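Given the structure is predicted, the values throughout are model-derived calculations rather than measurements. So you know, we letter chains A, B, ... as the sequences are listed, proteins then strands, and number each from 1.
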Amino acid sequence: MFGQLFGNYLLNKAWITPAQLKEALDEQKNARVKIGVLAVNSGYMTADQISEVHNMQMKVDKRFGEIAIELNYLTSEQLEELLATQKQDYLLLGQVLVDKGYLTYNQFEKALSEYKREFSLSEEQFKVVQQGNTDALVKLYLEIPNEIYVDYISLFIRNIVRFIDTTVCIEESFELDELQASNLVYQQIKGYPNIFTGLVLDDNVLLDIASRFSGEQLNLGDELVEGSIGEFLNLHNGIFLINMSNNGIELQMDSQSLNGFCNVKNKSGGYVIPFTINSGKFYLVLAENITVF
Amino acid sequence: MYEELSVLICDDSSLLRMQFKKTLQSIGCTNVYEAVNGEEAVEKYVKYKPDIVFMDIVMPVKTGLDALKEIIEYDSSAKVIMASSVGTSGNLKQALKNGALDFIQKPWSQSNIELVLSKLI
């Protein structure tokens with residue numbers, strides 16, 4: 001995860017081009033050794049145990065290692081050992097960029113130290129960020145004062161990675177004024193707090209997310225496109241409600257909807273968080289109150 | 001084993017209904033009806049009297065929990081399984097109180113469905 005953010009930083013600072021970043025992220029994804037593979041390699045877990053943990057990961061918002069420990073497949077010492085073995089993804093990204101000749105070692109070193117300075121990161125904070133703790137990353141990157149939104153966005157990133165695309169980048173959030181949407185999928189969460197949740201996407205990204213989530217090759221206009229994108233948001237919000245319920249906050253939600261061309265206008269507490277996946281950019285919109293017209 | 005079984009799938013997502021139907025067909029169950037909201041779920045239950053109902057919770061017009069209540073009022077022996085992404089303790093309690101027999105957390109797998117069916121028939 002940090003690799004993607006650091007990649008985005010390199011892009012924003014013009015160290016590398018978008019095409020170079022995409023190529024490097026694709027290669028980095030292939031090069032990354034997963035904990036499951038390491039666990040099998042070390043003889044700590046069997047392939048059946050790995051797939052059981054993967055199935056559970058689809059339903060509960062927990063990391064592979066946490067579930068494996070709960071099921072007594074791994075001890076915490078074994079997990080620590082495996083995590084230490086797993087290469088840091090930003091190092092893999094750096095390695096690919098240097099191997100391809102897009103960056104020199106000196107440039108990589110310079111970019112890293114500028115990154116730490118720009119975000120005022122201590123060595124300790126930098127370690128947390130490197131480990132890919134999404135809560136810490138969201139707090140660092142997004143100036144959103146609402147703790148519940150931070151939890152929501154952290155979970156959203158994890159669900160994008162789980163269900164859609166592992167090469168996701170987030171950019172700085174901004175307060176919502178008015179946003180024009182060619183497609184808006186949304187769902188209202190009700191209770192205390194009320195949260196409007198929406199995704200603003202162009203046709204290309206809509207089709208990509210719907211196809212990946214459904215596992216079907218869909219075409220624009222198919223009824224399943226609406227069904228799939230809506231179900232993705234519904235599934236994500238369902239997991240969010242379970243997390244909140246586990247913290248003693250019971251919320252409900254309305255059914256999800258998809259609108260074509262429309263405008264989203266903030267009435268109160270609205271934020272926009274831009275995401276980029278392989279097929280393009282889309283926006284997550286969170287607000288207390290909103291008008292869609 | 002499931003050839004004689006009739007099933008009603010109630011979910012507002014066309015994707016979920018399609019995937020559910022495919023899964024049921026793959027284990028030999030072809031007698032499948034669909035409802036897109038809670039109101040239609042009640043209507044189709046009365047019309048077809050299916051052996052088993054899979055019911056989403058968050059649906060337009062009428063929620064799955066309300067539809068469940070009406071179906072059980074109409075037929076106290078109805079076998080209704082809730083299949084939802086919102087497996088909060090509040091929803092689980094309410095579903096059981098309203099008469100559901102079981103709860104499947106989405107996304108479900110074929111083995112989840114088979115396990116539930118094997119317990120019911």
Asker: Measure from the ring center of A/Tyr152 to the ring center of A/His236 and say whether it is less than 6.0 Å.
Answerer: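 Yes, ring centres under 6.0 Å apart.
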
Asker: Which region of A/Asn234, side chain (C-beta onward) or backbone (N, CA, C, O), has a non-hydrogen atom less than 4.5 Å from a non-hydrogen atom of chain B, or is it both or neither?
Answerer: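 For A/Asn234, backbone and side chain are both near chain B.
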
Asker: Heavy-atom pairs under 4.5 Å with chain B - which of A/Leu241, A/Leu235, A/Asn55 has more of them than the others?
Answerer: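 Counting heavy-atom pairs under 4.5 Å, the top option is A/Leu235.
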
Asker: Check A/Glu288 with A/Lys267, please: is the shortest side-chain N to carboxylate O separation under 4.0 Å?
Answerer: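 Looking at A/Lys267 and A/Glu288, the cut-off is not met.
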
Asker: Heavy-atom distances under 4.5 Å only: say whether A/Glu216 touches chain B with side chain, backbone, both or neither.
Answerer: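 When you check distances to chain B, only side chain atoms of A/Glu216 fall under 4.5 Å.
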
Asker: Can you confirm whether more than 12 heavy atoms, excluding those of A/Tyr192, are under 6.0 Å from its OH atom?
Answerer: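 No, the 6.0 Å shell around OH holds no more than 12 heavy atoms from other groups.
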
Asker: Please identify, among A/Gly227, A/Ser255, A/Gly238, the residue contributing the most non-hydrogen atom pairs under 4.5 Å to chain B.
Answerer: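 Between A/Gly227, A/Ser255, A/Gly238, the count favours A/Ser255.
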
Asker: Are there residues of residues 15-39 of chain B that reach to under 4.5 Å of chain A by heavy atoms, and which ones?
Answerer: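 Contacts with chain A: B/Leu15, B/Leu16, B/Arg17, B/Met18, B/Gln19, B/Lys22.
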
Asker: Return yes when atom NZ of B/Lys69 has more than 12 non-hydrogen atoms of other residues, nucleotides or ligands closer than 6.0 Å, and no otherwise.
Answerer: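 At most 12 heavy atoms, drawn from other residues, nucleotides or ligands, come within 6.0 Å of this atom.
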
Asker: May I ask you to check whether A/Tyr186 and A/Phe196 place their ring centers less than 6.0 Å from one another?
Answerer: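 Centroid separation for A/Tyr186 and A/Phe196: below 6.0 Å.
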
Asker: If we only count heavy atoms from C-beta on, is the B/Ser89 to A/Glu250 side-chain gap below 4.5 Å?
Answerer: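 Heavy-atom side-chain distance check passes, below 4.5 Å.
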
Asker: Tell me, side chain or backbone of A/Ile239 under 4.5 Å from chain B's heavy atoms, or both, or neither?
Answerer: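 It is the backbone, since no side chain atom gets that close.
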
Asker: Check step by step if side chain to side chain donor-acceptor pair (under 3.5 Å) holds for A/Ser211 and A/Asp208.
Answerer: CA-CA 5 Å; A/Ser211 296; A/Asp208 178 49; over 6 Å; no

Asker: Give a yes or no on whether the backbone of B/Asp66 and the side-chain of B/Thr63 come within a donor-acceptor separation of less than 3.5 Å.
Answerer: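 Here the side-chain-to-backbone pair exists.
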
